[in-house]
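The structure appears below as structure tokens.
Both backbone and side-chain heavy atoms feed into the values below; hydrogens, waters and symmetry mates do not. For this chain, numbers begin at 1 and follow the sequence in order.
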Amino acid sequence: QYTCNSTTGDKVCESHWTGKECDSCATDYYSSNCTTFCQASTAWNCSNTGEKECLGHFEGQNCTLCQTGWYGSGCDLYCDLNSTLWTCDVNGNKTCTGNRKGVNCTECEQDWYGANCSVNCTQVPNQYTCN
């Protein structure tokens with residue numbers, strides 16, 4: 001863990017060790033022999049043993065994946081994959097389905113009506129024709 005300075009006799013900590021007695025792990029090093037490197041980030045913290053502990057909605061061995069339904073570089077954009085009103089693209093943006101529109105896909109596209117936006121009505125001179 002250390003060598004001694006030949007002139008002063010002081011302890012000189014070896015790599016990954018610190019402290020007056022060279023008995024503590026240096027910053028970002030963990031385990032009983034201070035050989036496990038883990039540097040915290042916005043995606044993870046490090047456990048006492050140097051294992052990554054994913055934060056927020058990150059997951060995976062290296063906390064580089066987003067949990068299901070979460071998107072974006074910070075895994076902070078949510079898009080409900082169980083909705084019948086929309087699908088989610090790779091960036092977490094909603095794409096309305098079934099002739100729907102609007103922020104939450106609760107409105108019908110032009111000329112589409114009904115609870116499921118499944119009735120099409122088009123205007124012909126002085127009347128509407130629906131199917």
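In the hydrophobic clustering, Tyr71 connects to Leu77, Leu81, either directly or through intervening members, whenever side-chain heavy atoms lie under 4.5 Å apart. Cluster partners of Leu85 are Trp86, counting Ile, Leu, Val, Met, Phe, Trp and Tyr whose side-chain heavy atoms approach within less than 4.5 Å, directly or via other members. Through chains of ILVMFWY side-chain contacts below 4.5 Å, Trp70 is grouped with Tyr78. Summarising the hydrophobic clusters (Ile, Leu, Val, Met, Phe, Trp, Tyr; side-chain heavy atoms under 4.5 Å, direct or chained), the residues clustered with Phe37 are Tyr29.
Atom SG in Cys25 sits 8.5 Å away from atom CD in Gln1 (nearest 0.5 Å). Taking OG1 of Thr68 as the start and CG of Asn82 as the end, the distance is 9.5 Å to the nearest 0.5 Å. In this structure, the separation between CD on Gln39 and CH2 on Trp44 is 8.5 Å, given to the nearest 0.5 Å. In this structure, the separation between CD on Glu59 and OG1 on Thr64 is 9.5 Å, given to the nearest 0.5 Å.
For Gln67, the side chain to side chain donor-acceptor pair (under 3.5 Å) partners at least two apart in sequence or on another chain are His57. Here Glu21 pairs with Lys11 under the salt bridge (Lys or Arg N to Asp or Glu O under 4.0 Å) rule; sequence neighbours left out. For Tyr2, the ring-ring contact (aromatic ring centres under 6.0 Å, His included) criterion is met by no residue, not counting sequence neighbours. Asn45 pairs by the side chain to side chain contact (heavy atoms under 4.5 Å, CB included) definition with Ala40, Leu55, not counting sequence neighbours. The side chain to side chain contact (heavy atoms under 4.5 Å, CB included) test applied to Cys96 returns Arg100, Cys105, not counting sequence neighbours. Residues meeting the side chain to side chain contact (heavy atoms under 4.5 Å, CB included) test with Ser31, sequence neighbours left out: Asn33, Thr35, Thr36. Residues passing the side chain to side chain contact (heavy atoms under 4.5 Å, CB included) test with Asn48, sequence neighbours excluded: none.
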Per-pair distances, 0.1 Å, donor-acceptor, side chain in residues 107-121, under 3.5 Å, sequence neighbours excluded:
residue, atom, partner, partner atom, Å
Asn120, ND2, Asp111, O, 3.0

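Listed here is the closest heavy atom pair of Cys63 and Ala43: O-CB, 3.6 Å. A pairwise comparison of heavy atoms in Ser24 and Cys34 identifies C-SG, 4.2 Å as the closest pair. Considering every non-hydrogen atom in both Trp17 and Cys22, the closest pair reads CE3-O, 3.4 Å. Between Cys66 and Gly72, the closest heavy-atom pair is SG-O, 3.6 Å. When all heavy atoms of Tyr30 and Cys38 are compared, the pair lying nearest together is CE1-O, 3.4 Å.
Residues Asn104 and Lys94 meet the side-chain proximity criterion, which asks for heavy atoms closer than 4.5 Å.
In this structure a side-chain-to-backbone donor-acceptor pair under 3.5 Å is missing from Asn91 to Asn93.
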